Amino acid sequence: MALSYRTRKRLALLILVVGLPLYIAVAWGIMGALERPSIWVELLVYVALGIIWALPFKFIFKGIGQPDPDAPQEPE
């Protein structure tokens, strides 16, 4: 079952407003609990975590910036 454009848009907003800050807090907490690695390793971990969080939600964010394909078209 494919999600409608409107549902995907709302879900994307929910993920960005609620899910992403929670993910950041968890990643920050885990990194804070570990012994601090070198700055380059820490940077690499944060960059990897910054990319990995979006992979499961790729299908939700795809096409969100485009006009609604389900909206009725205006006659020209």
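This structure is a prediction, so every number in the text was calculated from the model and none was measured. All residue numbers in this chain count up from 1 along the given sequence.
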Asker: Atom CG of Leu11 and atom CG of Leu16: how far apart are they, to the nearest 0.5 Å?
Answerer: 10.0 Å
Asker: To the nearest 0.5 Å, what is the distance between CD1 on Ile15 and CG on Leu22?
Answerer: 12.0 Å
Asker: Which residue pairs pass the side-chain hydrogen bond (donor to acceptor under 3.5 Å, both in side chains) test when at least one of the two sits in residues 9-28, sequence neighbours left out?
Answerer: none
Asker: May I ask you to list the residues sharing a hydrophobic cluster with Tyr5, side-chain cutoff 4.5 Å, ordered by chain and number?
Answerer: none
Asker: Side-chain donor-acceptor pairs under 3.5 Å in residues 42-54, sequence neighbours left out?
Answerer:
residue, atom, partner, partner atom, Å
Glu42, OE1, Arg36, NE, 2.9
Glu42, OE1, Arg36, NH2, 3.2
Trp53, NE1, Gly50, O, 2.8

Asker: Grouping I, L, V, M, F, W and Y whenever their side-chain heavy atoms are under 4.5 Å apart, do Val18 and Ile24 come out in a common cluster?
Answerer: yes
Asker: Supply the atom-to-atom distance Thr7 OG1 to Ile60 CD1, rounded to the nearest 0.5 angstrom.
Answerer: 10.5 Å
Asker: From Asp68 CG over to Arg6 CZ, what is the distance, rounded to the nearest 0.5 angstrom?
Answerer: 9.0 Å
Asker: Out of curiosity, does Leu55 fall in the hydrophobic cluster containing Phe57 (side-chain heavy atoms, cut-off under 4.5 Å, transitive links)?
Answerer: no
Asker: Which atom pair, heavy atoms only, marks the closest approach of Leu3 to Arg8?
Answerer: CB-CG, 3.6 Å
Asker: Mind checking whether Leu14 and Leu20 sit in one hydrophobic cluster, side chains of I, L, V, M, F, W, Y counted as touching below 4.5 Å?
Answerer: yes
